[in-house]
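The next block holds one structure in the form of structure tokens; read it before the comments.
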Amino acid sequence: MLAIGRLFREPEREEEGSIIIAILIIVILSVSLTAVMRSVQGGMKLARTDQDRTSAFQQASGGMDQALYRLDKSGGNISAGVLPGTAVGSYVPTVVNGKVASWTEHVTAGGVDYEITATATPAGQTAEWRVQSVGRDKSGRLRQAVARIEAELLFKDGFFTVDGFYLSGNQHSPRAYDSTAYPTQFVSKLNPFQGPDDREASIGTNGSFDLSGLQSGERENFVERWAGFNMYGRATQSAADAACDGCSAAGGTVRPFADQLKVLTTDAAVRPPAVVSCPRGGIFTGTVQPGDYVCTNVTFQGTVNVANTGTGRIRVWPKCRLYMDGAQVNLNQSPLKVQIYFLDPPNPPCSGTNDSGMCDAVVFGMLYVPGMTVQCNGSHQTFMYGAVMAQFYSGTGNQFEFYFDASSQRQLHTGKYRVFDWRECPTGVTNC
């Protein structure tokens, strides 16, 4: 009987064990499923967060594209209509001396939400801009893009020659400054600056520098004053050193560039106007009204000033010759007041020479004359303040003086802008 009782009780115990095992399996599966669900939910949340962040940065990038569009279409000129000088919709500009110095714009339409702040940096020019663009996605997340937008400059170097540079005599050049940042620096020819002198001037050529006319001590004196000698069209350092006579030996920094520097003579920014005006047969003296002048020969005599200070400036295109008869082209002591262009040698050639005599002159201005030889073969060379691009510079007199104005370098550009240093910056941070 006992054996029969055990026989009937053992299946009951087996059933109880199976139920317990089943319950344990269900519990384990439930815990695992809960963990999986939490993981999936967390992953989905992270994915949504990443998607929101990506969407916000895409909005910020759209604002950067809008800023580039405005600048590129306008060429930095508010009269072009793309960069208006008055508020239009959410676009709000700040205009200083006839130029848009900064603007803000907030666009919220069609799923787009970004806010732009663009500032000319430094002030007083239209070639370089610092742009901040804050994008907002639908959930309100913010991301900020920051970039530098720059136009292609006509003056890559403070002083550039296409074919070469020859110099002799005693030299004291260059000095560098920024007339926009420090408008009262200039005092006189002999005591030219008050205030900081913290700019660097570079000199470049597609040809060569011939400093053989300088004595040994004067060569070091001349070379050490330049931030660097940029040798374009020289693929190797040895070729660049050979084309810059004695520069390395005198302690100068010589930099090779494989490609020659492109001279922009076909761009509309430097071409003469269709309406030709030439005052007094090409003789500029005394007070000159602001405007554009195209003359066969141009002569500056005495002290020349631009009337109506402020935004007034003159642009001059000599067709054959530029001559400065011991002139002080003062122009209110501002290089931003005058621009002189000589792009291509005339065809057929003009009678006589098509070079520039500039002995004993003080010239405040921007000389973009890649088709002209600028020379002074007299006892005193030219005092030049601004930026220069010439075909060839030749000087055999003493004391060549060039004062590079960083502001003038930025004044002339093609109006074709590009984006540099595009990066993310934490929202709310303005200096990064």
Side-chain angles (χ1 to χ4, degrees), residues 97 124 158-159 172-180 182-195 277-342 355-369 372 374-388 390 393 395 397-405 407-408 411-412:
N97 291 330
F159 199 111
H172 305 279
S173 185
R175 291 284 298 271
Y177 70 115
D178 190 322
S179 64
T180 298
Y182 306 106
T184 61
Q185 272 190 314
F186 181 82
V187 179
S188 69
K189 186 172 74 171
L190 297 179
N191 182 25
F193 296 103
Q194 56 184 10
S277 175
C278 181
R280 310 172 196 172
I283 297 177
F284 290 76
T285 187
T287 300
V288 179
Q289 295 298 318
D292 296 337
Y293 303 104
V294 181
C295 306
T296 300
N297 295 304
V298 171
T299 299
F300 287 97
Q301 293 180 344
T303 299
V304 181
N305 286 282
V306 175
N308 303 324
T309 60
T311 60
R313 57 102 179 97
I314 63 171
R315 297 193 300 173
V316 181
W317 284 266
K319 293 182 179 180
C320 291
R321 193 164 188 259
L322 171 67
Y323 183 69
M324 297 186 178
D325 186 11
Q328 181 169 337
V329 187
N330 192 347
L331 300 168
N332 307 299
Q333 301 178 348
S334 171
L336 311 184
K337 295 293 184 182
V338 65
Q339 301 166 17
I340 300 174
Y341 300 94
F342 189 93
D355 60 12
S356 165
M358 297 174 62
C359 291
D360 298 310
V362 178
V363 183
F364 286 80
M366 292 166 272
L367 276 67
Y368 193 80
V369 291
M372 177 183 290
V374 178
Q375 66 176 358
C376 175
N377 297 316
S379 59
H380 295 93
Q381 295 196 49
T382 311
F383 285 72
M384 289 185 286
Y385 299 79
V388 178
Y393 182 85
N398 289 331
Q399 209 164 328
F400 166 72
E401 295 276 358
F402 173 65
Y403 297 86
F404 166 56
D405 178 9
S407 292
S408 64
Q411 293 300 315
L412 297 182

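Quick caveat, the model's predicted, so the values are computed rather than measured.
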Residues which pass side chain to side chain donor-acceptor pair (under 3.5 Å) with Y368, listed by chain and number, not counting sequence neighbours: none

Is the closest side-chain heavy-atom distance between V306 and V338 below 4.5 Å? no

Which heavy-atom pair separates S408 from M366 by the least distance, and what is that distance? O-SD, 3.3 Å

Heavy-atom check, side chain of F159 versus side chain of M384, under 4.5 Å: yes

Indicate yes or no: at least one non-hydrogen side-chain atom of Q339 is less than 4.5 angstrom from one of V316. no

Under the ring-ring contact (aromatic ring centres under 6.0 Å, His included) rule, collect the residues that match up with F284, sequence neighbours excluded. Y293, F300

Using only atom types and a distance under 3.5 Å, with no angle test, would you say the side chain of T285 pairs donor to acceptor with the backbone of Q301? yes

Between F383 and F402, is the ring centroid distance below 6.0 Å? no

Testing the basics here: between P279 and C295, what is the closest heavy-atom pair and its distance to 0.1 Å? CD-SG, 4.3 Å

Is there a side-chain contact between N305 and V288 (heavy atoms, below 4.5 Å)? no

Among C278, C320, P318, exactly one meets side chain to side chain contact (heavy atoms under 4.5 Å, CB included) together with T296. Which residue is that? C320

Working to the nearest 0.5 angstrom, can you tell me the gap between L322 CG and N297 CG? 9.5 Å

Inter- and intrachain pairs under salt bridge (Lys or Arg N to Asp or Glu O under 4.0 Å), touching residues 289-300, at least two apart: D292-R313, D292-R315

Could you list the residues that satisfy ring-ring contact (aromatic ring centres under 6.0 Å, His included) with Y341, not counting sequence neighbours? W317

Taking the side chain as every heavy atom from C-beta outward, state whether I314 and K337 have any atom pair closer than 4.5 Å. no

Please round to the nearest 0.5 Å and tell me the distance separating atom OG1 of T299 and atom CE of M324. 9.5 Å

Residues which pass side chain to side chain contact (heavy atoms under 4.5 Å, CB included) with T287, listed by chain and number, not counting sequence neighbours: A307

Not counting sequence neighbours, list each pair that qualifies as a salt bridge (Lys or Arg N to Asp or Glu O under 4.0 Å) and has a residue in residues 277-286. none

